[in-house]
Student: 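Pasting a structure below so you can have a look.
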2 protein chains.
Amino acid sequence: MKAFALALALSLTAGLPVAAQTDPDWRAADPEDLLLIDVEDGTIVIELADWIAPNHADRMRQAARDGFFDGQSFYRVIDGFVAQGGRGEEADSIELPQYPALTGEFTVPADSVTFTSMIDQDLYAPTVGHVRGMPAAMNDEGSEVWPIHCPGTVAMARNNDPDTGDVEFYIVIGQGPRHLDRIMSVFGRVIDGMEHVQALQRGNPAVNSGVIADPDARDTILSMRVAADLPADEQPHYEILRTDSQAFAEAKAARRNRTHDFFFETPPPVIEACHMPAPVRQVEAAQ
Amino acid sequence: MKAFALALALSLTAGLPVAAQTDPDWRAADPEDLLLIDVEDGTIVIELADWIAPNHADRMRQAARDGFFDGQSFYRVIDGFVAQGGRGEEADSIELPQYPALTGEFTVPADSVTFTSMIDQDLYAPTVGHVRGMPAAMNDEGSEVWPIHCPGTVAMARNNDPDTGDVEFYIVIGQGPRHLDRIMSVFGRVIDGMEHVQALQRGNPAVNSGVIADPDARDTILSMRVAADLPADEQPHYEILRTDSQAFAEAKAARRNRTHDFFFETPPPVIEACHMPAPVRQVEAAQ
């Protein structure tokens, strides 16, 4: 078998559970920050990002706790772009909790976060890197930081008005749609189960913006839960490599400078903004 | 329902069949260039690219006609990276046709093709654009052109030696792994059914490079056919927007300069190399 690209050392997908360790390069995800979305194909795990969108993260926690999403669906799924979930339009008349529109949370002051630059060129921003495991960018002045749209990025949908998001959310499933950076409220990223997002039933992008007309053809959101609300022995545990750690700096260096014999010609010593997801591992419960 | 990003006008995914037209901006795909891969979830359609890899394209036609792939599988599928199909290693001992290794087909002289530049900055190449519907790049001197790795790109796997590809192939299913440009023999792109590639069973990238250990857990290649070999009334027909047409130039301009009210702040006027797939449409048989 051809073993091409063995040098791919990092992946968005979590591996099998390993014992929780005390390695300071890894941080444990807070169960209050983990959204678990069950669909027929499996469980999608999102880490919420209070650093950028505390009100949107809280909205998702609240709606999950209200049971709002249970039985709803991924009703607009465009291959190579996004999977959008929530209530869907025809359900507007159904008896469901109503949530007020949220003010957009698009950028934060740079001095409020730890931004670690990749120091590579980027089409859309002066500097790209990471904040707390999420791909992010910084402006010219070094004063503002925002998460960027890469595969696995989770954000709130909205109408034309920037401050109209409520509970309809989307997950990026294709080449990072960077033109949405800074104008959508990104509130998390998928840290496990991305293959289940990719398996969702697609709509036809040429018809009604990709909305799947037949509700029965849509993938149902069987449930959405905050991990902290599960019995202790049912809670999954994840660790994320700290993106301001030396270990992550070394991972970036290895990716930028590929030395495996497979590369009979050395690729340019660069990393594309969406091509360096922070490693995630599922672990047994900490002691 | 939040209608975000309505301005997404183009998609990799083909729409429903429309009547074949005589619009000179669209070219009909040659049925001799269409590989149809049936998996449980549906049919994956690949357009072969003789302009860059005639020997690899011929190998795929030959192996498909030999029935080589029928009953084989996608045995190495890494979410966010590639789906690799063919025989797999444990099948080396099975009675199957053997094919000699191919000399790599990585780049072509620029004067042998029509390269249409997007004239946007790129991390990996001096210039990016398209050749015959495929995303491509050109070197500094303007003398060489090569296809680039974007979602849907199809190429031959190989061992460390550049000239060791035979029939094991892969389809890109994640953010374009551009570090593989110019060192892999790209021979086509998926023009329909990408959602079926995305639905394939994944392997664990941390174990044996993502190979799915249990053959029964893999998605089977039910059949691989060249469209030209099907009865005339069973052949699908596709048209691809010519990437050297004025219509495609206008589509790029529209994508670069988004004017929809949704964009309350205008994104940077750029297009990322993998973010401009040539539009494809399925059509009824031509007259």
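Order of the sequence lines fixes the chain letters, A, B, ..., with proteins taken first and strands second; residue numbering starts at 1 for each chain.
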Student: Could you look at Asp122(B) and say if it's the side chain, the backbone, both or neither that has a heavy atom under 4.5 Å from chain A?
Tutor: backbone
Student: Between Leu123(A), Val77(A), Asp41(A), who has the most heavy-atom pairs with chain B when the cutoff is under 4.5 Å?
Tutor: Leu123(A)
Student: Does Arg182(A) use its side chain to pair, donor to acceptor, with the backbone of Pro267(B) at less than 3.5 Å?
Tutor: no
Student: Most heavy-atom pairs under 4.5 angstrom with chain A, which of Gly174(B), Ala199(B), Pro268(B), Pro162(B)?
Tutor: Pro162(B)
Student: Which of the residues Asp261(B), Asp161(B), Thr266(B) is involved in the greatest number of heavy-atom pairs with chain A at under 4.5 angstrom?
Tutor: Asp261(B)
Student: Could you tell me the separation between the CD atom of Glu195(A) and the CG atom of Asp79(B), rounded to the nearest 0.5 Å?
Tutor: 5.5 Å
Student: Under a 4.5 Å heavy-atom cut-off, does chain A meet the side chain of Leu200(B), its backbone, both or neither?
Tutor: neither
Student: Under 4.5 Å between any side-chain heavy atoms of Gln175(A) and Glu272(B), yes or no?
Tutor: yes
Student: Would you say the side chain of Arg258(A) lies within less than 4.5 Å of the side chain of His179(B), judging by non-hydrogen atoms?
Tutor: yes
Student: Any side-chain heavy atom of Leu180(B) within less than 4.5 Å of one from Phe263(A)?
Tutor: yes
Student: Give a yes or no on whether Glu40(B) atom CD has more than 12 heavy-atom contacts from other residues, nucleotides or ligands under 6.0 Å away.
Tutor: no
Student: Is the shortest heavy-atom distance from the side chain of Gln198(B) to the side chain of Ile173(A) under 4.5 Å?
Tutor: no
Student: Heavy atoms only, distances under 4.5 angstrom: which of Pro177(A), Gly86(A), Gly210(A) has the most pairs with chain B? Name it, please.
Tutor: Pro177(A)
Student: For a quick test of reading the model, state the closest non-hydrogen atom pair linking Asn160(A) to Phe262(B) and the distance between them.
Tutor: OD1-CA, 3.4 Å
